[in-house]
Amino acid sequence: LEDWKSNIRLKNCQADTKQVVWFWKIVDSYSEEMRARLLQFVTGSSRVPLQGFKALQGSTGAAGPRLFTLHLVDVQVNNLPKAHTCFNRLDLPPYESFEKMHDKLTQAVEETCGFAVE
């Protein structure tokens, strides 16, 4: 988990933003299988590169790594988180409670099958 935390990009939020703190608390509570499913949901791959999270690649054809990105977005808090696998980006609504964020993130990871193209 430390490698993941050390190699993340934050958009419209900071490490001490409550949703970011909650994200890590949720990931910490997940089993290895759920962490792999979360990684699959956001990046399109359930595996971390041998070199660690700093070496994650996007699928846009751009050269170089594309870090796992948490993006706090201004959308309704009833929305599920949205993943952009080409960019290794997770768009998180500004959930008002840990419980709601845990439920919505888990629902998105468990119920998602297939990929959306954008």
Side-chain angles (χ1 to χ4, degrees):
L1 208 53
E2 288 309 311
D3 178 44
W4 199 344
K5 286 183 180 181
S6 299
N7 293 287
I8 191 164
R9 185 168 164 244
L10 301 174
K11 286 184 72 175
N12 295 342
C13 55
Q14 298 176 348
D16 61 353
T17 302
K18 64 184 176 183
Q19 289 84 3
V20 175
V21 172
W22 293 341
F23 174 79
W24 292 122
K25 191 173 173 183
I26 292 165
V27 173
D28 191 47
S29 76
Y30 278 172
S31 66
E32 286 299 317
E33 178 191 347
M34 274 300 290
R35 288 181 190 177
R37 290 175 72 177
L38 171 62
L39 197 58
Q40 175 85 43
F41 176 62
V42 178
T43 69
S45 173
S46 61
R47 296 176 188 234
V48 179
L50 289 174
Q51 303 90 340
F53 278 89
K54 69 176 185 265
L56 273 180
Q57 298 292 313
S59 55
T60 60
R66 200 176 270 283
L67 293 179
F68 188 100
T69 302
L70 270 185
H71 183 198
L72 199 60
V73 291
D74 188 19
V75 296
Q76 291 185 4
V77 293
N78 287 326
N79 290 5
L80 291 173
K82 182 177 179 182
H84 302 270
T85 56
C86 292
F87 304 106
N88 297 338
R89 189 177 85 218
L90 179 64
D91 289 353
L92 274 177
Y95 297 116
E96 296 149 352
S97 74
F98 170 81
E99 292 76 17
K100 184 164 194 166
M101 185 169 154
H102 185 283
D103 291 347
K104 293 289 188 180
L105 182 59
T106 302
Q107 181 183 354
V109 171
E110 287 183 338
E111 295 183 7
T112 301
C113 21
F115 297 92
V117 177
E118 57 176 71

Below 30° counts as parallel, above 60° as perpendicular, anything between as tilted: where do the rings of Trp4 and Phe53 land? parallel
What are the two closest heavy atoms between [X] and [Y], and how far apart are they?
X     : Y     : answer
Lys54 : Gln51 : NZ-O, 3.3 Å
Ile26 : Phe98 : CG1-CE1, 3.5 Å
Pro93 : Pro81 : CD-CA, 4.0 Å
Phe41 : Leu90 : CE2-CD1, 3.7 Å
Ala15 : Leu10 : N-CD1, 3.4 Å

Considering only residues two or more places apart or on different chains, which pairs with a residue in residues 25-38 satisfy salt bridge (charged side-chain N to carboxylate O under 4.0 Å, His left out)? Asp28-Arg35, Glu32-Arg35, Glu33-Arg37
Kindly give the cluster partners of Val73, where membership spreads through any ILVMFWY side chain lying under 4.5 Å from a current member. Val75
Rounded to the nearest 0.5 Å, what separation is found between the CG atom of Leu56 and the CG atom of Leu67? 7.5 Å
Using modelled atom types and a 3.5 Å cut-off, is there a donor and acceptor pairing between side-chain atoms of Gln57 and backbone atoms of Ala55? yes
Keeping the roles fixed (side chain from Asn88, backbone from Arg66), state whether a donor-acceptor pair exists under 3.5 Å. yes
For Tyr95, all residues meeting ring-ring contact (aromatic ring centres under 6.0 Å, His included), sequence neighbours excluded: none
Here the side chain to side chain donor-acceptor pair (under 3.5 Å) pairs for residues 6-24, sequence neighbours left out, are Asp3-Asn7, Asn12-His71
State yes or no: do Phe68 and Leu1 share one hydrophobic cluster built from I, L, V, M, F, W and Y residues joined by side-chain heavy-atom distances below 4.5 Å, directly or via other members? yes
Applying the 4.5 Å side-chain criterion to the ILVMFWY set and letting contacts propagate, would Val20 and Leu39 be lumped into a single cluster? yes
Of all residues at least two apart in sequence or in a different chain, which pass the side-chain contact (heavy atoms from CB on, under 4.5 Å) check with Glu96? Val77
If you apply the rule side-chain contact (heavy atoms from CB on, under 4.5 Å), what do you find for Thr69 with Phe87, and how did you get there? CA-CA 8 Å; Thr69 302; Phe87 304 106; over 6 Å; no
Just list the side-chain donor-acceptor pairs under 3.5 Å for residues 99-108, sequence neighbours left out, or say none.
residue : atom : partner : partner atom : Å
Lys100  : NZ   : Asn78   : OD1          : 2.7
Lys104  : NZ   : Asn78   : O            : 2.9
Thr106  : OG1  : Tyr30   : OH           : 2.8
Thr106  : OG1  : His102  : O            : 2.7

